[in-house]
J.: 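What follows is a structure written as structure tokens; I'll ask about it next.
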Amino acid sequence: MVNEKDTNTESVPVRGQWTGHLGFILAATGSAIGLGNIWKFPYITGEYGGGAFVLVYLICVVVVGLPLMIAEMMIGRRTQENPVGAFQKLHHRGSPWQITGWLGVASGFFILSFYSVVAGWAVAYTFKAIIGFTGSPEQIQNQFTELVTSPIDSILWHTVFMAMCIAIVMGGVRQGIERWSKILMPMLFLILIGLMFYGLFFTRGGSEALKFLFQPDFSKLSAEAVLSALGHAFFTLSLGMGAMITYGSYMKRNESIMKDAVTVSFLDTFIALMAGTAIFSLVFHYGMEPGQSVGLIFKTLPVLFKETGPLISVPFFILLVFAALTSAISLLEVVVSYFIDERGWGRVKSTLLLGLAIYIFGLLSAISSITLPFRGKDQGIFDILDFVTTNYMLPVGGLLTCLFTAWVFREADKIEEFGSKGSIYHLFSIIVKIITPIAVIIIILHGLELLPFMNYGNK
Ligand code: PFF
């Protein structure tokens with residue numbers, strides 16, 4: 001794995017680094033794999049009608065996600081800076097491109113505020129699993145409604161999760177997270193494989209689940225579904241808000257960014273598809289509705305877990321919490337690293353203050369009864385934040401990062417970070433210059449129903 005960058009003599013500031021290559025891969029994979037894969041992917045696939053949505057999402061991962069992940073890691077490793085500092089360093093101090101970094105810090109703040117609420121539900125379900133799920137399928141499903149409609153419970157679990165997240169980021173991410181990731185990520189993988197095989201071969205819903213996920217029916221593909229598929233590609237790969245810039249900034253110089261980005265994107269997609277297969281097998285086995293919104297996994301899986309007992313359910317929810325935690329700390333790390341690098345605050349002070357601010361803001365999402373009019377109907381703050389950050393803030397942040405990489409990032413620096421200037425680099429250049437930005441712009445305009453040549457009807 002020796003390449004020309006080993007001979008690079010440019011001095012970089014002494015700053016934290018992952019302990020090794022595996023450490024970076026696990027941390028980046030840990031950031032990517034989270035509630036997005038196991039909670040969100042199945043539920044939005046259910047809402048947007050299955051196969052066609054999955055296909056657009058997969059295309060977005062390859063055409064938009066992968067190139068952008070490479071770009072973010074390159075920016076991070078080149079500058080060894082937080083997202084705001086990174087854009088300034090590659091352009092000039094005070095450069096307007098720093099807005100991209102700002103947008104990322106804001107996205108991290110807003111996303112973590114509602115992410116923590118869902119992660120809190122996962123913590124609550126860990127305890128429910130220990131006690132054991134009993135009763136009829138309807139009774140088990142009702143437990144979820146009881147949890148989310150009780151502000152006290154939602155707030156309690158949101159508090160517990162944010163406290164864990166703050167403690168880890170405050171105490172230094174690398175040691176703790178790297179060490180735990182090495183044990184827990186492979187365990188999550190094994191349990192999901194088990195659940196997927198169970199769903200496929202031991203329930204009556206397996207083949208219907210595969211059809212639902214992989215047989216596209218384009219008549220179900222609304223403009224909003226296409227936009228959400230793009231947004232989800234950003235969300236699930238932790239892109240468009242500088243998380244991979246931040247993690248890339250702790251990366252050693254002699255690793256192949258392209259290989260790492262391919263590995264992280266592949267693992268992330270694979271986990272989402274496994275989770276989807278497992279969950280929809282159960283949905284169809286029990287004759288449930290696929291479009292069950294945010295409650296999907298919390299309503300379906302416990303019905304199965306009643307049969308399997310705590311031996312499977314307790315590890316599953318513990319791992320779900322862990323997957324959420326490794327993602328949440330990357331969200332918090334983006335916000336915190338900005339205050340450490342740019343404002344000169346200490347790690348403890350920035351983590352505590354920002355963590356507290358996010359926690360307080362998150363209370364608005366935890367109390368599901370607070371609603372605001374949004375896109376023609378009353379919606380909870382939770383849904384509004386999720387929709388706006390995922391479908392607009394991340395894609396716009398990603399678009400700006402892409403344009404910056406294509407037209408502002410110096411060619412020689414890019415080649416050095418990429419590790420070669422052969423045909424793959426040229427392909428990367430063309431994609432980042434032309435294909436990714438055009439795809440993102442078209443999809444955003446389509447989501448806003450503003451494309452001139454489309455007939456959106458009058459809905
Ligand atoms: N990728 C995470 C998930 O799929 O759960 C969520 C996330 C983490 C989004 C970090 C954005 C981010 F910067």
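Order of listing sets the numbers, starting from 1, for every ligand and every atom in it.
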J.: Out of curiosity, Leu399 CG to Leu68 CG, how far, rounded to the nearest 0.5 Å?
T.: 9.5 Å
J.: Give the numbers and elements of all ligand 1 atoms closer than 4.0 Å to a heavy atom of Gly34.
T.: 3 (C), 4 (O), 5 (O)
J.: First locate atom OG1 of Thr277, then atom CG of Leu200, and finally report the distance between them rounded to the nearest 0.5 Å.
T.: 6.0 Å
J.: Looking at atom 5 (O) of ligand 1, what's its closest protein heavy atom, distance included?
T.: Tyr115 OH, 2.5 Å
J.: Specify whether Trp39 and Trp121 have parallel, tilted or perpendicular ring planes, treating 30° as the upper limit for parallel and 60° as the lower limit for perpendicular.
T.: perpendicular
J.: In terms of residue, atom name and distance, what is the protein heavy atom nearest to atom 13 (F) of ligand 1?
T.: Met241 SD, 3.0 Å
J.: Among all protein non-hydrogen atoms, which one is nearest to atom 4 (O) of ligand 1, and what is the separation to 0.1 Å?
T.: Ala32 O, 2.9 Å
J.: Taking 4.0 angstrom as the limit and counting only heavy atoms of Ala243, give me the atoms of ligand 1 inside it, by number and element.
T.: 13 (F)
J.: Numbering the atoms of ligand 1 from 1, which are under 4.0 Å from a heavy atom of Leu35?
T.: 5 (O)
J.: Measuring from atom CE of Met241 to atom CG of Leu394, what distance do you get when rounded to the nearest 0.5 angstrom?
T.: 7.5 Å
J.: Tell me the protein heavy atom at minimum distance from atom 8 (C) of ligand 1, and give that distance in Å.
T.: Ser238 OG, 3.3 Å
J.: To the nearest 0.5 Å, what is the distance between CD1 on Ile279 and CZ on Phe212?
T.: 12.0 Å
J.: Give me the residue, atom name and distance of the protein heavy atom closest to atom 2 (C) of ligand 1.
T.: Ser31 O, 3.3 Å
J.: Provide, to 0.1 Å, the distance between atom 9 (C) of ligand 1 and the closest protein heavy atom, together with that atom's residue and name.
T.: Phe235 O, 3.2 Å
J.: Under 4.0 Å, counting heavy atoms only: does Phe234 come that close to any atom of ligand 1?
T.: no
J.: Indicate yes or no: does an N/O atom of Ile111 lie under 3.5 Å from an N/O atom of ligand 1?
T.: no
J.: With Tyr48, which of Lys220, Glu224, His232 fulfils side chain to side chain donor-acceptor pair (under 3.5 Å)?
T.: Glu224
J.: With a cut-off of 4.0 Å, which atoms of ligand 1 are near a heavy atom of Ser330?
T.: 8 (C), 10 (C)
J.: Measuring from atom OG1 of Thr351 to atom CZ of Phe339, what distance do you get when rounded to the nearest 0.5 angstrom?
T.: 11.5 Å
J.: Do the side chain of Arg78 and the main chain of Phe409 share a donor and acceptor less than 3.5 angstrom apart?
T.: no
